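Right, one structure below, let's go through it.
Small disclaimer: the values here were computed from a predicted structure and weren't measured.
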Amino acid sequence: MQFKEQYLTYEEYKEMDGTLNEVPFNLLEYDVRKMIDERTFGRLTHLSSVPFDVKMCVFKMVDVVESYLALETQNKAVSSENTDGYSVSYRKFEMSDISVKKKELESVMETYLANVVVEGIPVLYIGVPYVS
C-alpha cells in the first residue's frame, strides 16, 4: 500500500535514526498526521513543502505512540515482584495511561508546532480568524 501526502517519509525517518520497520512506521505516521491535522484544523494539508519542525513533531509523536502501543500489547511492565515464592505481577494499560498519552502528544505538538506559521496564521491558532 502506498502512503501519500506524508509529513515525514520513511526514508526521512530512517535518516533521523528511526528504528521501526516501514509498514509499522507508515501506519503510525498516518495516525499521527491525522492527530496533527485535527489540532491544526488542516492548515498543513495543502503545503507543497513540509517544514522541518513538522517533520520533527511527527518523528517524536511516532516514538510516543509506539512506546504506548508496546505497553498496550505486551503488558510487560512489572508492577510488583516477590522473591520468596517467586511471584511477578504485570501492570496493565489503564485509563490514566490514555490521559497521560494524550497530554504527552499534545505537549510534543505544542513544542514543535508553536512557531510554525502558514499563510500568516500560526498552525496552532484556535481563535477567530482576523478579517481586515
Side-chain angles (χ1 to χ4, degrees):
M1 172 178 244
Q2 181 72 22
F3 286 84
K4 298 179 182 180
E5 301 174 5
Q6 290 181 300
Y7 293 155
L8 181 68
T9 65
Y10 183 68
E11 291 75 27
E12 293 167 327
Y13 173 75
K14 291 305 280 185
E15 287 175 12
M16 298 166 89
D17 290 330
T19 58
L20 292 173
N21 291 326
E22 187 170 5
V23 172
F25 165 77
N26 284 333
L27 294 171
L28 290 178
E29 190 279 341
Y30 180 82
D31 290 343
V32 165
R33 184 169 11 122
K34 293 304 175 190
M35 288 180 220
I36 291 171
D37 289 346
E38 179 182 353
R39 178 65 173 84
T40 62
F41 300 98
R43 291 185 180 109
L44 301 169
T45 58
H46 66 280
L47 298 179
S48 58
S49 174
V50 178
F52 180 75
D53 287 338
V54 175
K55 292 179 183 295
M56 282 300 300
C57 182
V58 171
F59 181 84
K60 296 292 186 176
M61 287 178 72
V62 163
D63 187 46
V64 169
V65 172
E66 196 272 331
S67 69
Y68 279 94
L69 280 175
L71 177 61
E72 289 174 34
T73 57
Q74 295 177 1
N75 284 331
K76 297 293 184 186
V78 175
S79 65
S80 67
E81 197 167 349
N82 181 348
T83 56
D84 289 340
Y86 188 73
S87 172
V88 177
S89 297
Y90 295 99
R91 180 181 171 280
K92 296 190 184 230
F93 194 73
E94 299 173 359
M95 290 302 289
S96 61
D97 295 317
I98 294 170
S99 176
V100 171
K101 174 184 165 183
K102 282 181 146 183
K103 286 179 184 176
E104 195 171 344
L105 290 169
E106 185 66 29
S107 175
V108 171
M109 282 190 273
E110 288 175 5
T111 298
Y112 289 94
L113 302 180
N115 295 317
V116 177
V117 176
V118 173
E119 297 174 0
I121 301 172
V123 295
L124 295 181
Y125 181 69
I126 59 172
V128 178
Y130 175 76
V131 179
S132 57

> Which distance, rounded to the nearest 0.5 Å, do you find between the OG1 of T40 and the CD1 of I121?
Replying inline: 11.5 Å
>> Set out, in order, the CA-CA distance, both residues' side-chain angles and the distance that settles side chain to side chain contact (heavy atoms under 4.5 Å, CB included) for M61 and Y112, then state yes or no.
In response: CA-CA 10 Å; M61 287 178 72; Y112 289 94; over 6 Å; no
> Does any pair with a residue in residues 21-34 pass salt bridge (charged side-chain N to carboxylate O under 4.0 Å, His left out), and if so which ones, sequence neighbours excluded?
Replying inline: E29-R33
>> Do E66 and T19 have side chains that approach each other closer than 4.5 Å (heavy atoms only, starting at C-beta)?
In response: no
> Can you get from V117 to M56 by hopping between Ile, Leu, Val, Met, Phe, Trp and Tyr side chains that sit under 4.5 Å apart?
Replying inline: no
> Does one side chain, of E12 or T9, offer a donor that lies under 3.5 Å from an acceptor on the other?
Replying inline: yes
>> Going by the rule salt bridge (Lys or Arg N to Asp or Glu O under 4.0 Å), which residues pair with E106 if we only count those two or more places apart in sequence or in a different chain?
In response: R39
> Does CG in N115 sit with more than 12 non-hydrogen atoms of other residues, nucleotides or ligands closer than 6.0 Å?
Replying inline: no
>> Can you give me the closest heavy-atom contact between L124 and M109, atom names plus distance?
In response: CD1-O, 3.8 Å
> Which atom pair, heavy atoms only, marks the closest approach of V116 to D53?
Replying inline: CG2-CB, 3.7 Å
> Which of these, L27, V62, N26, sits in a side chain to side chain contact (heavy atoms under 4.5 Å, CB included) with L20?
Replying inline: V62
> Under the ring-ring contact (aromatic ring centres under 6.0 Å, His included) rule, what pairs show up with a residue in residues 27-53, not counting sequence neighbours?
Replying inline: none
>> With side chain to side chain contact (heavy atoms under 4.5 Å, CB included) as the criterion, how do L44 and V118 come out once you've worked through the C-alpha distance, each side chain's angles and the decisive distance to 0.1 Å?
In response: CA-CA 7 Å; L44 301 169; V118 173; 3.9 Å; yes
>> Can you list everything that forms a ring-ring contact (aromatic ring centres under 6.0 Å, His included) with F25? Sequence neighbours excluded, please.
In response: Y10, Y13
>> My understanding is that only residues two or more places apart in sequence, or in another chain, count here; which of them pass salt bridge (Lys or Arg N to Asp or Glu O under 4.0 Å) with R43?
In response: none
>> Could you work out, with salt bridge (Lys or Arg N to Asp or Glu O under 4.0 Å) as the rule, every residue matching E5, not counting sequence neighbours?
In response: none
>> Go through it in stages, so that I can follow the logic: the residues are V100 and Y68, the test is side chain to side chain contact (heavy atoms under 4.5 Å, CB included), and I'd like the CA-CA distance, side-chain angles, deciding distance and then a yes or no.
In response: CA-CA 10 Å; V100 171; Y68 279 94; 3.2 Å; yes
>> Using every non-hydrogen atom in the two residues, find where E110 and A114 come nearest and quote the distance to one decimal.
In response: O-CB, 3.0 Å
> How close do V108 and C57 get, heavy atom to heavy atom, and via which atoms?
Replying inline: CG1-O, 3.9 Å
> What do the steps show when you test L8 against V32 for side chain to side chain contact (heavy atoms under 4.5 Å, CB included), and what is the final call?
Replying inline: CA-CA 10 Å; L8 181 68; V32 165; over 6 Å; no
> More than 12 heavy atoms of other residues, nucleotides or ligands under 6.0 Å from NZ of K14: is that the case?
Replying inline: yes
> Is there a donor-acceptor pair closer than 3.5 Å between any side-chain N or O of T111 and the backbone N or O of S107?
Replying inline: yes
> About how many Å separate CG of D63 and CG of L28, when rounded to the nearest 0.5 Å?
Replying inline: 10.0 Å
